[in-house]
Amino acid sequence: MAGSGAFRRERREVLRTRLLDAARDVTTESGWSSLTMSAVAGRAGISRQHLYNEIGTKAELGSALVGRETDGFVAVMCEQMRAHPADAVAGVVAAVRDVLEYGARNALLTSILTVDESAGESLLPLVTARPDVVRDRATTALLRELSALHPALAGAADLPRLVDGVVRLVVSHATSPGESTETAVAQAGWLLRGFLDGAAGAGGSGVSPG
């Protein structure tokens, strides 16, 4: 029955959320290098074998955890972009500012950058060196959002490069404690204004340059 299949999927999603919440809690408390699958399973109230069946290995758990956190960062940016539907520059600038402020108080990112800093096992490479986990995921979501908010930009050939550049900028600043948020904000504005100026020179974008 279709209903039973949907129910099973919903139950698995609820369980997956619980498992990732448990992994996040353990990581923020003691660091990824100290995390064991037994600790996550115990925190979630299931057997270790059940955890392996649902998530896979510890490496796969790390990818899932960082991927879900990336979705949270993207949601923060999309909220600010939607708050400025008539001004692409203002939306992206506000998004970069807000997401970097969010990152500065994000417990998991803080743990990745501090607790695991000198440990042999860290989630940091997933953030900085695995484009499929963070950069590609964020770029795809933000490109879709920007295109929906500003249809005049959707067909621009260089739009994916622009969004990729903004994501790289955010990742770089978010993983460099002490970097000025306002520097990143100014750089994001510069990138988008340059893009819009180029689009206007090529025939007009129809989007406010801010």
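Only heavy atoms go into these numbers, but all of them, side chains included; no hydrogens, no water, no symmetry mates.
- A donor-acceptor contact shorter than 3.5 Å links the side chain of Ser47 to the backbone of His50.
- Looking only at side-chain heavy atoms (C-beta outward), Asn106 and Phe73 come within less than 4.5 Å of each other.
- With sequence neighbours left out, the side chain to side chain contact (heavy atoms under 4.5 Å, CB included) criterion links Asp164 to Arg135, Thr139, Arg168.
- For Arg82, the side-chain hydrogen bond (donor to acceptor under 3.5 Å, both in side chains) criterion is met by Glu145, not counting sequence neighbours.
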### Ser63 and Arg130: CA distance, side-chain angles, deciding distance, side chain to side chain contact (heavy atoms under 4.5 Å, CB included) verdict
CA-CA 9 Å; Ser63 294; Arg130 282 277 305 276; 3.9 Å; yes

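- Looking only at side-chain heavy atoms (C-beta outward), Thr128 and Val134 stay at 4.5 Å or farther from each other.
- Between the Glu79 side chain and the Val76 main chain, no donor and acceptor come within less than 3.5 Å of each other.
- With sequence neighbours excluded, no residue satisfies side-chain hydrogen bond (donor to acceptor under 3.5 Å, both in side chains) with Glu13.
- Of all heavy-atom pairs between Ala138 and Val167, the closest is CB-CG1, 4.0 Å.
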Requested in this report: Take Asp132 and Arg137 through the side chain to side chain contact (heavy atoms under 4.5 Å, CB included) test and state the conclusion after the steps.
Outcome: CA-CA 6 Å; Asp132 57 307; Arg137 187 187 192 107; over 6 Å; no

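- Residues Val40 and Arg48 are not in side-chain contact: their nearest non-hydrogen atoms beyond the backbone lie 4.5 Å or more apart.
- Once rounded to the nearest 0.5 Å, the distance linking CD of Glu69 with CG of Leu108 reads 4.5 Å.
- The two residues Leu20 and Leu65 come nearest to each other via the heavy atoms O-CD1, 3.6 Å.
- Using a 4.5 Å cut-off on side-chain heavy atoms (C-beta onward), Val163 and Leu146 make contact.
- Residues meeting the side-chain hydrogen bond (donor to acceptor under 3.5 Å, both in side chains) test with Glu10, sequence neighbours left out: none.
- Using a 4.5 Å heavy-atom threshold, the side chains of Asp21 and Arg16 count as separate.
- Here the shortest heavy-atom pairing between His150 and Ala86 reads CE1-C, 4.4 Å.
- The side chain to side chain contact (heavy atoms under 4.5 Å, CB included) test applied to Ala107 returns Arg24, Thr28, not counting sequence neighbours.
- Side-chain contact check for Val185 versus Glu182: some heavy-atom pair is nearer than 4.5 Å.
- Scanning all heavy atoms of the two residues, the minimum distance from Leu51 to Ile46 falls at N-CD1, 3.6 Å.
- No donor-acceptor distance shorter than 3.5 angstrom exists from the side chain of Asp158 to the backbone of Arg161, with no hydrogens or angles considered.
- The CG atom of Asp98 lies 6.0 Å from the CD atom of Glu101; values are rounded to the nearest 0.5 Å.
- Distance alone, capped at 3.5 Å, is enough to place a donor-acceptor pair between the Ser111 side chain and the Thr27 backbone.
- Across all non-hydrogen atoms, the minimal contact from Tyr52 to Met37 is OH-CG, 3.4 Å.
- Of the charged side-chain nitrogens involved, at least one lies within less than 4.0 Å of a carboxylate oxygen, so that Arg12 and Glu54 count as a salt-bridged pair.
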**Request:** May I have the step-by-step check of side chain to side chain contact (heavy atoms under 4.5 Å, CB included) for Leu35 and Leu61, ending in yes or no?
**Result:** CA-CA 11 Å; Leu35 178 144; Leu61 175 62; 4.2 Å; yes

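- Residues Leu15 and Arg11 have side chains not in contact (no heavy-atom distance under 4.5 Å, counting atoms from C-beta outward).
- Within the 4.5 Å cutoff, no side-chain heavy atoms of Leu100 are placed close to those of Glu179.
- Among residues two or more places apart in sequence or in another chain, the side-chain hydrogen bond (donor to acceptor under 3.5 Å, both in side chains) test is passed with Asp136 by none.
- Scanning all heavy atoms of the two residues, the minimum distance from Ala188 to Val92 falls at CB-CG1, 4.5 Å.
- The closest donor-acceptor contact from the side chain of Arg43 to the backbone of Ala22 lies at 3.5 Å or more, if one exists at all.
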- Verify side chain to side chain contact (heavy atoms under 4.5 Å, CB included) between Leu159 and Ser147, making sure each step is shown before the conclusion. CA-CA 9 Å; Leu159 186 61; Ser147 297; 3.6 Å; yes

